[in-house]
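To start, the structure itself, in structure tokens.
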Amino acid sequence: MDYNFREIEKKWQKEWVDHRTYKVTEDPNRPKYYVLNMFPYPSGAGLHVGHPLGYIASDIYARYKRLNGFNVLNPMGYDAYGLPAEQYAIKTGQHPAITTEQNINRYREQLDKIGFCFDWDREVRTCDPHYYHWTQWAFEKMFNSYYDNDLKKAQPIDKLIAHLERQGTEGLNVAQGDDTVSFTAEEWNAMDDKQKSDALMNYRIAYKGETMVNWCAGLGTVLANDEVVEGVSVRGGFPVVQKKMSQWCLRVSAYAQRLLDGLDTIQWSDSIKETQKNWIGRSEGTEVEFRVKDSDVKFTIFTTRADTMFGVTFMVLAPESDYVSQVTTEGQKAEVDKYIDYVKKRTELERMSDRKVTGVFTGSYAINPLTGDAIPIWVSEYVLAGYGTGAIMAVPAHDSRDYAFAKHFNLPIIPLIEGADVSEESFDAKEGIVTNSPCEGKQGLDGFSLNGLTVKEAIAATKKFVTEKGIGRVKVNYRLRDAIFSRQRYWGEPFPVYYDNGIPRMVPEECLPIELPEISEYKPTESGEPPLGRAKKWAWDTVNKQVVENAKIDQKTVFPLDLYTMPGFAGSSAYYLRYMDPHNEEELVSKKADEYWRHVDLYVGGTEHATGHLIYSRFWNKFLYDYGVSCEEEPFQKLINQGMIQGRSNFVYRVGELSTADKPVFVSYNLRKNYKEVTPIHVWVNLVKNDILDIEAFKQWSPEYKNAEFILEDGKYVCGWAIEKMSKSMYNVVNPDDIVRDYGADTLRLYEMFLGPVEASKPWDTNGIDGCFRFLKKLWSLFWENRTDKWLVDDAEPSKDSLKSVHKLIKKVTGDIEAFSYNTSISAFMICVSELGQQKCHNREMLRDVVILIAPFAPHIAEELWHQLGEKGSVCDAQWPKWNEAYLQDNELQMTVSFNGKARYQKMFPADASKDDIQQATLDDERSKKYLDGKQIVKVIVVPKKIINIVIK
RNA sequence: GCGCCUGUGGCGGAAUUGGUAGACGCGCUAGACUUAGGAUCUAGUUGCUCACGCAGUGCAGGUUCGAGUCCUGUCAGGCGCACCA
């Protein structure tokens, strides 16, 4: 009987579906394990071989855990909202739901062929109202919450309102917007609804704010910071400008410290933790208040170099800063306005590509609180409005940006560190002894001086001094910005928000979900409203039927609904919780399910989500944790980042001087140097095997190659190759379906893992796949003799060698899977199977263990062999074998004898020989005499089981 | 500029705590069986050398009886952040 993978795989995939082999339910008697893949966005292109890499890796781990007695949750679903379906809809008028559904079906078909152990009963789709119900619900919960800095957790907004009613903003320590507002209880109580609503927006975790946003005209929508790279949109590469707009935002910044601290409690790679740390950007410094000369205006700056306060020679405000208008003098107003106008017109891209020194003097002076000096206040775009306070003190001697500015505008530079030469460039290092603080002949405030201290000491001393004097305070700043949460798009979750006289109100919880309406066209409206502006009738229906009735408001009133939709990361921020209890209509996840599954134990996905999804969902989960909805503060315990699979393109070489329009001539790779005009042309990789072109297939590939001629080497046409991104235009996309058809799913699974470490990026190269295919055939031939079709399995006593081979394998594979070192596991399988073959071992027990071990990697063949061995049930429910150390021991040890660290010869010893025996026997050995030869023995080092090193002089 | 990671044959990649570098696979070479081989099997395959041997993990040093592994410097490639005060 041959290894007929087509029949085997078809048969078992059907059995698994029929028997619900992978269905999982909460079972308090078994330990749980939660394996999760980042769910895919179902794109129209379908899967290529790179996509399943992570799924296979996690599938192996899930199966391994199950074989070890764990109750394993391994779900799959779809991140179904997204831009491509919507852009396709704009072009063709086809509803994105239809496109998405088609793509999902295609994905599912492809996934099913690979033999994953997903529990499809738990599938979720972010675009399903039963699912986004809970996305909207979480948003409402965030709207109705604020962040208490003392308790370090989210709290119901009612608690804050009660505080405001009692004592205003007095004694409040909460996360809030950039402008700290304060008012009394009387003032609060005197406010009308609209004013109160506006004031609360400053505290809500989900809030609507007038903020600087990344506006992408090309996409017609705003974008979050992680969706913009180098001034252009990640999707589409359109330019992005900064614009002030009223948008929904999430106060992610409130959780900055917890997001940072949480990283120490989870097992993620250093590089991704580092990326998140950078993104959060914690920076400890000092805030100092500067008074404006001849004015009541005061403003605050943030600095990490408090030690340099004696060297401040000018101040700089961000162009967007509110202080600009307050400090600009009449005489400078025209020039400042002109400058601000210029800055506004520049896109992010321009700002980044040309870093010109620009700026303008406001006409005002600030008073340095330590020296009493009056220093000019400037405006420049190099100071960012979004970071710190949007204002800085400039110390040109010790900051390169300030230095460039000072040189350009001829402002003074005072060096503050002994021996620092600032004639050519600034001295930015945070080291040295402080001088000129204050300068000779001058006096610091109350005699304050930093001279003679190290930089570190000076920073500490200044912090202490300004705090005591009440002119400053220690402050921690974060680079992490609040997430802009609304998009001017159609294909996303609608906001459960309606407007009552301009006041945003949440749709009552019992009316959720607010379903995405049908609209006639997917473009923005003529008046510039988002696409949902076209859904007037729907808005009326929804509001009246669902909201107004419920709120018992006059039926004739039509409240406008919010016309925005939520961004892509909304739906992916809590999907791991929903998988725990996907059909629950009452809550996001039941207490019981959540407390059983708790959190994802193993999360597998790409690094590209490091500063997006992986930050947002940690934030989202922490918020839900504060309310006890999620019982773990960190959602993803261990994270594995699978590498990207690049494409391996093949080329044919067209010879210009020999080709005509209807008869092109191609030269084989190694002969191309013999011709002058040789043009490489991408050729579809499916027409090439082991870099040899299938000439007939190539001729049929395209009409223009019908009459092609070939200059061959050794009777073959050899193609060139290159590593490129896997893409249609390079003709290097490899479809897993083709591999499954030609080699089977088990070979595909093995080969994807054998390519290299899961975490490494590597090119797909089908050339090596035969090795894995051969291995499975060899495994098969331990059971069946191909020629005679004879069943070989017997119950004869296994030899010592066979026991050793199999137990070595058990030990190796167990260790390797735990370490996600799948490629070395497969090597071990190859060695073991080849050893058993040589030993002619067909022992039932040995083979049974091998079948269980291979089951996570190649489940189909394992299941088939399992049944042929006469075992009952599925191999999935077998018990993972344990190795026996006794079988692994040798009765003889082969050790290497070296002299002065140089290996010389091999020597055999009894396994139980003592160190002294080994040492003596080695010194007595004839071969040793040659190297000893009258030299003195300094030391003998015996490394157990490995090496004897004799140090001689 | 700051931070992080990686450098091993023709290729993908192996090497517990420092202990015979190159496992395993691809490719290549030779042989066997074949009408045939892009099937299968066997043997070989880091380089130089007929050989004994010698050299060898980006480069230069260091620690050690012994370094791919540890330390210092340096070069190259990749990733993240970036006018963040």
Side-chain angles (χ1 to χ4, degrees), chain A residues 229-230 269-283 285-286 301-305 308 316 318 351-352 355-357 380-384 386-395 398-402 404-405 428 477-481 607 610-611 648 689-692 694 716 721 750-751 754-757 759-772 774-775 777-778 781 786-787 815 819 821 823-831 834 894-906 938-953:
Chain A
V229 171
E230 285 172 8
S269 71
D270 288 342
S271 74
I272 205 148
K273 281 189 185 179
E274 202 57 40
T275 302
Q276 290 211 342
K277 277 181 196 163
N278 276 339
W279 189 257
I280 295 166
R282 184 181 201 272
S283 143
T286 317
I301 59 92
F302 174 79
T303 180
T304 53
R305 292 295 301 272
T308 60
V316 191
R351 227 175 146 165
M352 279 186 208
R355 287 191 178 163
K356 289 187 290 199
V357 178
S380 173
E381 61 177 338
Y382 87 86
V383 174
L384 305 175
Y387 186 77
T389 59
I392 62 152
M393 61 177 211
V395 185
H398 302 291
D399 183 286
S400 49
R401 296 153 303 181
D402 297 345
F405 196 84
D428 289 16
N477 250 319
Y478 299 92
R479 205 191 68 93
L480 183 70
R481 305 260 60 89
T607 36
T611 54
R648 187 180 189 278
K689 197 176 173 191
N690 291 352
D691 291 335
I692 308 292
D694 181 337
K716 297 174 204 159
W721 58 273
L750 281 175
Y751 187 58
F754 188 68
L755 269 176
E759 286 167 278
S761 283
K762 57 235 156 192
W764 176 267
D765 178 357
T766 312
N767 288 351
I769 200 166
D770 290 314
C772 289
R774 265 198 286 270
F775 158 69
K777 286 200 280 193
K778 275 188 195 167
S781 63
N786 279 343
R787 287 191 198 165
S821 179
N823 54 335
T824 53
S825 268
I826 294 166
S827 297
F829 276 117
M830 289 171 173
I831 295 167
S834 129
Q894 186 181 18
M895 297 187 63
T896 303
V897 178
S898 24
F899 290 85
N900 283 350
K902 193 150 256 180
R904 292 301 174 177
Y905 66 91
Q906 309 281 312
V938 179
K939 210 182 336 176
V940 179
I941 297 149
V942 179
V943 178
K945 293 187 189 176
K946 292 232 162 118
I947 210 162
I948 305 148
N949 192 19
I950 297 157
V951 185
I952 50 178
K953 201 164 69 175

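Here is the naming used below: chain letters follow the sequence lines, and residue numbers restart at 1 for every chain.
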Fill in: Interatomic distance where NZ belongs to A/Lys778 and P belongs to B/U40 [whole Å]
10 Å
Worksheet item: For B/G37, which nucleotide in any strand shown is its Watson-Crick or wobble partner with both distances under 3.5 Å?
Response: none
Fill in: Whole-Å C1' distance, B/G7 and B/U57
9 Å
Practice prompt. Find out whether A/Val951 and A/Asn900 are in side-chain contact, i.e. whether some heavy atom of one side chain is under 4.5 Å from a heavy atom of the other.
Written response: yes
Practice prompt. Could you tell me whether A/Gln906 contacts a base, only the sugar-phosphate backbone, or nothing, with contacts defined as non-hydrogen atoms closer than 4.0 Å?
Written response: base
Worksheet entry | Partner nucleotide of B/G18 by Watson-Crick or wobble geometry (both distances under 3.5 Å) | none
Worksheet item: Who is the Watson-Crick or G-U wobble partner of B/G27, with both distances under 3.5 Å?
Response: B/U45
Worksheet entry | Under 4.0 Å protein heavy-atom contacts per nucleotide of nucleotides 2-16 of chain B, with B for base, S for backbone only and - for none | -SS-------BSS-B
Response to the item:
Whole-Å distance, A/Asp402 CG to B/A85 P, equals 12 Å
Item to complete: Check every strand shown and say whether A/Ile392 touches a base, only sugar-phosphate, or nothing at a heavy-atom separation below 4.0 Å.
Response: base
Worksheet item: So which nucleotide from B/G19, B/G25, B/A85 ends up closest to the side chain of A/Val943?
Response: B/G19
Discussion item. Would you call the rings of A/Tyr382 and A/Phe405 parallel, tilted or perpendicular, taking 30° and 60° as the class edges?
Written reply: tilted
Worksheet item: Across all strands, who's sitting opposite B/C50 as a Watson-Crick or G-U wobble pair, both distances under 3.5 Å?
Response: none
Discussion item. With rounding to the nearest 0.5 angstrom, report the CD1 to OG1 distance, A/Ile280 to A/Thr275.
Written reply: 11.0 Å
Worksheet item: If you check every side-chain atom of A/Thr304, which of B/G19, B/C24, B/A85 has the closest atom?
Response: B/A85
Worksheet item: Whole-Å distance between B/G27 P and A/Ile769 CD1?
Response: 12 Å
Practice prompt. Take atom CG of A/Asp770 and atom P of B/C28, then tell me their distance rounded to the nearest Å.
Written response: 11 Å
Worksheet item: When rounded to the nearest Å, what value does the distance between C1' atoms of B/G53 and B/A15 take?
Response: 25 Å
Worksheet entry | Separation of the P atoms in B/G9 and B/U69, to the nearest angstrom | 15 Å
Response to the item:
Closest of B/C83, B/G27, B/C81 to the A/Glu381 side chain is B/C83
Worksheet item: In whole Å, what separates the C1' atom of B/U72 from that of B/A55?
Response: 25 Å
Practice prompt. Determine the Euclidean distance between corresponding C1' atoms of B/A21 and B/A14; express it in Å to zero decimal places.
Written response: 10 Å
Discussion item. As an exercise, state the distance from OG of A/Ser271 to CD of A/Gln276, rounded to the nearest 0.5 Å.
Written reply: 10.5 Å
Response to the item:
Across all chains, not counting sequence neighbours, the side-chain hydrogen bond (donor to acceptor under 3.5 Å, both in side chains) partners of A/Ser283 are A/Tyr387
Worksheet entry | 5' precedence on RNA chain B between A/Tyr382 and A/Ser898 (nearest-nucleotide basis) | A/Ser898
Response to the item:
B/C70 -> Watson-Crick or G-U wobble partner, both distances under 3.5 Å, gives B/G62
Worksheet entry | Counterpart residues, side-chain hydrogen bond (donor to acceptor under 3.5 Å, both in side chains), relative to A/Asp428 (two or more places apart) | A/Ser400, A/Ser426
Item to complete: Look through every strand shown and name the nucleotide pairing with B/C83 as Watson-Crick or G-U wobble, where both distances are under 3.5 Å.
Response: none
Worksheet item: For A/Val316 and A/Ala394, which heavy atoms make the closest approach, and how far apart are they?
Response: CG2-CB, 4.3 Å
Practice prompt. Indicate whether OP1 or OP2 belonging to B/C81 is found under 4.0 Å from a side-chain N or O atom of A/Arg479.
Written response: no
Worksheet item: Whole Å only: how far is the NZ atom of A/Lys939 from the P atom of B/U64?
Response: 10 Å
Worksheet item: For A/Thr275 and A/Lys902, take the nucleotide of RNA chain B holding the closest heavy atom to each; which residue's nucleotide lies nearer the 5' end?
Response: A/Lys902
Worksheet item: Where the side chain of A/Thr896 is defined as all heavy atoms beyond and including C-beta, which of B/U20, B/A85, B/A23 is the nearest nucleotide?
Response: B/U20
Practice prompt. Could you measure between the two P atoms, the one in B/U6 and the one in B/U17, and give it in whole Å?
Written response: 15 Å
Item to complete: Answer whether the closest heavy-atom distance between the side chains of A/Ser269 and A/Glu274 falls below 4.5 Å.
Response: no
Worksheet item: Starting at NZ of A/Lys277 and ending at P of B/A82, how long is that distance when rounded to a whole Å?
Response: 18 Å
Discussion item. Can you check the distance between B/U34 and B/C24, where both ends of the measurement are the C1' atom (answer in whole Å)?
Written reply: 29 Å
Worksheet item: Please give, in whole Å, the distance from B/A82 C1' to A/Tyr478 OH?
Response: 20 Å
Discussion item. Syn or anti for B/G47? Use the chi torsion, O4'-C1'-N9-C4 for purines and O4'-C1'-N1-C2 for pyrimidines, with syn inside 90° of 0.
Written reply: anti
Practice prompt. For A/Val938, answer base if it contacts any base atom (sugar-phosphate contacts may also be present), sugar-phosphate if it contacts only those atoms, and nothing otherwise; contact means non-hydrogen atoms under 4.0 Å.
Written response: nothing
Worksheet item: Do the side chains of A/Phe775 and A/Ser834 get nearer than 4.5 Å, heavy atoms only?
Response: no
Discussion item. Need the pair for B/G77. Rule: Watson-Crick or G-U wobble, both distances under 3.5 Å, any strand; none if unpaired.
Written reply: B/C5
Response to the item:
Rounded to whole Å, the CH2-C1' distance (A/Trp279 to B/A82) equals 11 Å
Worksheet item: Between A/Arg305 and A/Met393, what is the shortest heavy-atom contact and its length?
Response: O-CE, 3.6 Å
Item to complete: Can you tell me, in whole Å, how much space there is between the C1' of B/A32 and that of B/G12?
Response: 30 Å
